[in-house]
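For reference, the structure is listed below as structure tokens.
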2 protein chains.
Amino acid sequence: MNQASSNSNNNGAPSGGSGNAAGGAGSSPTFSPLYQQIKALITQSLQSGEWKPGELIPSEVELAGRFKVSQGTVRKAIDELAAENLVMRRQGKGTFVSTHHEARAHFRFLRLVPDEGVPHHPDNKLIEVKRMRAPAEVARLLDLKSGDAVVYIKRVMSFEGEPTILEEIWLPGLLFKGLTAERLIEYRGPMYGLFESEFGTRMIRATEKIRAIAADSTAAEFLHVKEGSPLLCAERVSFTYGDKAVELRRGLYLTAHHHYQNELS
Amino acid sequence: MNQASSNSNNNGAPSGGSGNAAGGAGSSPTFSPLYQQIKALITQSLQSGEWKPGELIPSEVELAGRFKVSQGTVRKAIDELAAENLVMRRQGKGTFVSTHHEARAHFRFLRLVPDEGVPHHPDNKLIEVKRMRAPAEVARLLDLKSGDAVVYIKRVMSFEGEPTILEEIWLPGLLFKGLTAERLIEYRGPMYGLFESEFGTRMIRATEKIRAIAADSTAAEFLHVKEGSPLLCAERVSFTYGDKAVELRRGLYLTAHHHYQNELS
DNA sequence: GAGTGGTCTAGACCACTAA
DNA sequence: TAGTGGTCTAGACCACTCA
């Protein structure tokens with residue numbers, strides 16, 4: 001990978017990662033800057049578990065030596081990984097693999113905050129946990145075949161004793177083999193922390209589609225509102241490394257004393 | 001600002017920008033890296049109108065010469081400005097001041113997209129435009145005094161002929177002196193483009209609070225739904241340079257065939 | 001004091017754009 | 001062909017953490 005001397009083309013061995021061969025005849029040979037290749041290599045090590053969530057990864061100097069590039073190139077690769085929340089840098093200490101086991105990470109995906117006062121952690125109450133065959137819609141969103149096994153979870157989350165969120169979750173059965181109600185109950189802390197530690201699946205990013213709907217009888221019962229009351233419906237698909245969908249979540253939010261907080265930038 | 005020779009402290013003339021003097025006794029002298037100072041200087045030129053939206057700003061080499069720093073330092077400053085959408089870089093051409101007069105910018109703030117098919121531009125119908133005294137709540141959010149003049153706009157936006165958004169907008173009267181219904185009607189294109197071109201106020205970022213509410217009689221009439229139907233309510237505060245609030249917007253979205261699209265990352 | 005990430009520089013070459 | 005942003009390198013010093 002020595003840039004200055006041995007070539008005038010930085011594609012000695014392309015990383016071959018995410019294909020961007022858009023367009024027609026494949027005569028364009030998939031360029032990518034060196035630092036993107038380094039970034040892909042580091043991401044592979046993260047995905048393979050060579051460095052686990054919460055751990056320290058090798059220093060920039062060490063990685064530069066390993067990959068035979070300059071420290072600046074490694075730095076740029078890590079800069080992007082930090083911007084994507086895959087790692088966290090701490091001056092004087094090193095670079096750490098991000099983890100969902102942090103107070104900070106708690107509200108990265110849960111965007112519902114109280115209208116007044118500071119956010120509190122919700123209490124969870126499991127309603128149902130079972131394994132089932134994926135309905136067509138769930139299978140489509142999780143990139144499974146219709147009828148594949150999925151884990152289904154239904155729960156209510158309360159803030160300060162007030163039931164506020166009714167949530168249904170679907171997970172690919174293959175990835176979450178040993179997931180049972182007991183595991184979910186005994187585990188203290190955020191669900192994504194459990195997924196990360198016990199099942200080796202780390203949620204990286206997600207997309208949400210948000211609508212206003214009327215409460216049906218089930219929602220009305222669990223959230224202590226009248227049938228037909230307006231509820232915010234957030235349908236989330238979460239992705240792990242390689243943009244692979246690994247969770248579907250449908251949350252009904254009671255927004256009488258809370259709101260969904262969003263930043264547009 | 002010569003770093004290597006003349007000092008061991010990069011704070012010869014601190015930019016004095018955003019104060020981060022957290023904590024107690026003020027013995028810590030407001031550090032900031034050189035590239036942050038450069039970034040502040042460039043931002044000032046953007047804000048003052050030295051370079052107008054859509055225009056080319058000086059090249060990195062030229063700015064480096066002007067500020068007596070290396071090109072790399074200017075690059076890092078511009079990198080951050082590009083990440084914040086204040087400027088756009090184009091290889092081979094230069095760096096341009098961002099503008100709301102682009103198809104791309106259209107959906108940066110309007111996050112409502114159809115459940116099926118590609119997003120279309122909405123049609124606008126003005127319901128009301130007037131000048132009034134700011135209610136307490138509006139004044140608080142816009143950082144005005146209660147009773148200060150504001151411009152009030154009410155409109156309905158339709159997708160493919162279907163009324164979908166009922167929107168109320170409050171703007172500081174001082175900033176938008178000549179804003180009338182006629183100006184709004186005759187102007188083709190996004191409202192933020194008008195604000196930028198005619199009033200010199202560029203929206204940089206915004207925060208939104210989203211809730212589900214029941215349609216009142218007014219909303220029901222304009223959106224052709226029954227009273228009590230669930231609607232998504234998005235309350236937006238938009239900011240210009242220096243994190244100054246310059247717009248309050250309250251939109252009621254009919255989410256029968258559209259949804260609010262969000263990315264969590 | 002050793003090691004880490006953070007900043008800054010200077011210079012080289014590349015890819016892209018437009019005259 | 002000249003000018004722009006994009007990539008890469010090598011080396012220096014700084015701020016921070018911890019033994």
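Only a predicted model underlies this, so the values are computations on that prediction, with no experimental measurement involved. In the text below, chain A, chain B and the rest are named by the order of the sequence lines, each starting its count at 1.
- The shortest distance between side-chain heavy atoms of Ile78(A) and Leu63(A) falls below 4.5 Å.
- Taking only side-chain nitrogens and oxygens, Ser59(A) comes nearer than 4.0 Å to OP1 or OP2 of dT4(C).
- Each of dG5(D), dT9(C), dG5(C) was ranked by its minimum atom distance to the side chain of Thr73(B); first place goes to dT9(C).
- Rounded to an integer number of Å, the gap from Lys39(B) NZ to dG6(C) P is 16 Å.
- Atom CD in Glu60(A) sits roughly 6 Å away from atom C1' in dG5(C) (whole-Å rounding).
- Heavy-atom distances under 4.0 Å link DNA chain C to Lys76(B), Gln91(B), Gly92(B), Lys93(B) of residues 75-101 of chain B, given in residue order.
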Check: Do Leu264(A) and Arg108(B) pass the side-chain contact (heavy atoms from CB on, under 4.5 Å) test, and can you show the C-alpha distance, the side-chain angles, and the key distance before you say yes or no?
Finding: CA-CA 7 Å; Leu264(A) 306 183; Arg108(B) 186 152 76 92; over 6 Å; no
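- Distance, Ile38(A) CD1 to dC8(D) C1': 11 Å, rounded to whole Å.
- Side-chain contact check for Phe109(A) versus Pro190(A): every heavy-atom pair is 4.5 Å or farther apart.
- The closest donor-acceptor contact from the side chain of Ser48(A) to the backbone of Ser45(A) lies under 3.5 Å.
- Nucleotide dG6(D) holds its P atom 10 Å from the CD atom of Gln71(B), rounded to whole Å.
- For the pair Ile57(A) CD1 and dG3(C) C1', the interatomic distance rounds to 15 Å; values are reported in whole Å.
- Between the CD atom of Glu62(A) and the C1' atom of dT4(C) there is a distance of 12 Å, rounded to whole Å.
- Checked by atom type and distance alone, the side chain of His100(A) pairs as donor or acceptor with a backbone atom of Met203(A) at under 3.5 Å.
- Distances from the side chain of Leu34(A) to the nucleotides dT9(D), dG5(D), dG6(C) place dT9(D) closest.
- Of all nucleotides listed (dG6(C), dT9(C), dG5(D)), dT9(C) comes nearest to the side chain of Ser70(B).
- No hydrogens or angles considered: a donor-acceptor pair under 3.5 Å links the side chains of Glu208(B) and Tyr260(B).
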